Amino acid sequence: MPKNKKRNTPHRGGSAGGGGSGAAAATAATAGGQHRNVQPFSDEDASIETMSHCSGYSDPSSFAEDGPEVLDEEGTQEDLEYKLKGLIDLTLDKSAKTRQAALEGIKNALASKMLYEFILERRMTLTDSIERCLKKGKSDEQRAAAALASVLCIQLGPGIESEEILKTLGPILKKIICDGSASIQARQTCATCFGVCCFIATDDITELYSTLECFENIFTKSYLKEKDTTVICSTPNTMLHISSLLAWTLLLTICPINEVKKKLEMHFHKLPSLLSCDDVNMRIAAGESLALLFELARGIESDFFYEDMESLTQVLRALATDGNKHRAKVDKRKQRSVFRDVLRAVEERDFPTETIKFGPERMYIDCWVKKHTYDTFKEVLGSGMQYHLQHLYNSAAFKARTKARSKCRDKRADVGEFF
């Protein structure tokens with residue numbers, strides 16, 4: 001992408017020269033920025049220089065809270081990019097709160113707008129900042145850095161650029177996830193974001209399997225043990241286990257058939273034990289993951305037979321009609337709604353098609369693989385999901401991206417089918 005392209009031209013739609021989320025695989029990797037030799041956070045000169053540069057925009061928290069407005073006016077794109085440059089510099093500030101707010105502001109901007117060219121030129125600088133914040137920051141700062149990493153990969157899409165980001169940040173994210181001394185909240189966010197980054201960027205089948213094993217080592221700790229009763233009691237780690245289970249399920253959808261078969265054999269008879277957890281979110285995550293596993297298994301073998309079908313459907317039916325007075329009404333309504341669909345999937349191989357509207361267009365989610373992928377990306381992008389869908393629908397480069405997937409993903413459910 002030529003660097004001298006007008007910066008105030010909105011990067012929308014399918015313009016012939018425009019980039020966009022997921023278009024990195026079809027874009028030459030010649031516009032990358034240079035690594036910056038920055039000093040640690042405690043360097044006063046760096047902080048002074050940063051605040052001087054951002055004298056007109058010294059409150060990153062306001063941007064982090066509100067995000068960028070829709071850019072329709074001439075010159076507004078340039079204003080946004082100026083603010084983002086300031087926020088990028090503020091990720092080096094001495095103040096942890098300032099760094100965190102800057103990370104959140106950049107993340108909100110990338111979730112709400114397509115800024116492919118701007119990010120492509122600064123991806124190495126951003127990666128350096130994220131790396132430092134993950135290594136040296138505390139819980140909230142680590143969460144903000146991990147969230148930014150996932151949105152950065154979404155903006156760049158599959159390709160060399162996002163692969164480089166994953167190779168740099170992946171080991172750090174994995175270390176935090178597995179670190180029992182790190183905060184649960186940071187580990188939980190890192191699990192979700194690491195899953196998204198791997199889903200988009202991984203081109204190494206060995207690393208994919210290693211990541212699956214990392215998540216397995218975490219969520220299987222919630223499995224019902226032989227000495228346990230029939231109910232799994234939640235712990236402070238339960239939310240981490242949920243995030244790891246959902247990230248594992250996402251990555252399973254891009255595995256080759258042989259690996260999927262292996263994982264099905266390992267988990268099909270243990271995963272249902274999570275349905276007895278006293279945490280409603282774990283029950284729902286386990287139920288939806290089971291529905292997806294059944295869908296994968298039947299996609300491999302149309303006459304797939306599950307030995308414990310009768311006992312499983314009894315549990316699912318009980319959850320779909322749960323009237324336990326000790327559960328909160330909101331939890332019961334949510335659980336019953338989800339498990340009615342899960343029961344239909346397991347018993348009848350049926351899925352209630354959902355229609356997602358974005359602008360004048362519509363997208364149909366007609367299987368569990370698509371639903372899980374959509375839900376994961378929506379969790380990361382928030383309200384910006386609608387904007388990204390609209391851009392990707394219009395982007396001619398998107399089709400080129402879907403054809404450039406790694407060969408190891410021959411049997412994956414391509415997000416391009418519904419994004």
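If you're wondering where the values come from, they're calculated on a predicted model, not measured in any experiment.
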Any side-chain donor-acceptor pair under 3.5 Å between Thr168 and Thr127? no
Would you call the rings of Phe268 and Phe294 parallel, tilted or perpendicular, taking 30° and 60° as the class edges? perpendicular
Applying side-chain contact (heavy atoms from CB on, under 4.5 Å), name anything that partners Val280, two or more places apart in sequence or on another chain. Arg283, Ile284, Asp331, Gln335
Residues which pass ring-ring contact (aromatic ring centres under 6.0 Å, His included) with Phe351, listed by chain and number, not counting sequence neighbours: Trp368
Residues pairing under salt bridge (charged side-chain N to carboxylate O under 4.0 Å, His left out) where one sits in residues 238-253, two or more places apart or in two chains, turn out to be none
Sequence neighbours excluded, the answer for salt bridge (Lys or Arg N to Asp or Glu O under 4.0 Å) partners of Asp278 is none
Could I get the full list of side-chain hydrogen bond (donor to acceptor under 3.5 Å, both in side chains) partners for Arg143, not counting sequence neighbours? Thr189
Residue pairs, two or more places apart or on separate chains, that pass salt bridge (charged side-chain N to carboxylate O under 4.0 Å, His left out) and touch residues 207-220: Lys174-Glu207, Glu216-Lys263
Which residues pass the salt bridge (Lys or Arg N to Asp or Glu O under 4.0 Å) test with Arg344, not counting sequence neighbours? Asp350
Under 30°, 30 to 60°, or over 60°: which ring-plane class applies to Tyr387 and His391, parallel, tilted or perpendicular? parallel
Between Ser181 and Asp179: side-chain donor-acceptor atoms closer than 3.5 Å: yes
Just to verify, what does Ser222 make a side-chain contact (heavy atoms from CB on, under 4.5 Å) with, not counting sequence neighbours? His241, Leu274, Met282
Counterpart residues, side-chain hydrogen bond (donor to acceptor under 3.5 Å, both in side chains), relative to Thr211 (two or more places apart): none
My understanding is that only residues two or more places apart in sequence, or in another chain, count here; which of them pass salt bridge (Lys or Arg N to Asp or Glu O under 4.0 Å) with Lys135? Glu131
Contacts of Thr192 that satisfy side-chain hydrogen bond (donor to acceptor under 3.5 Å, both in side chains) - sequence neighbours left out: none
Partner set under side-chain hydrogen bond (donor to acceptor under 3.5 Å, both in side chains) for Glu354, not counting sequence neighbours: none
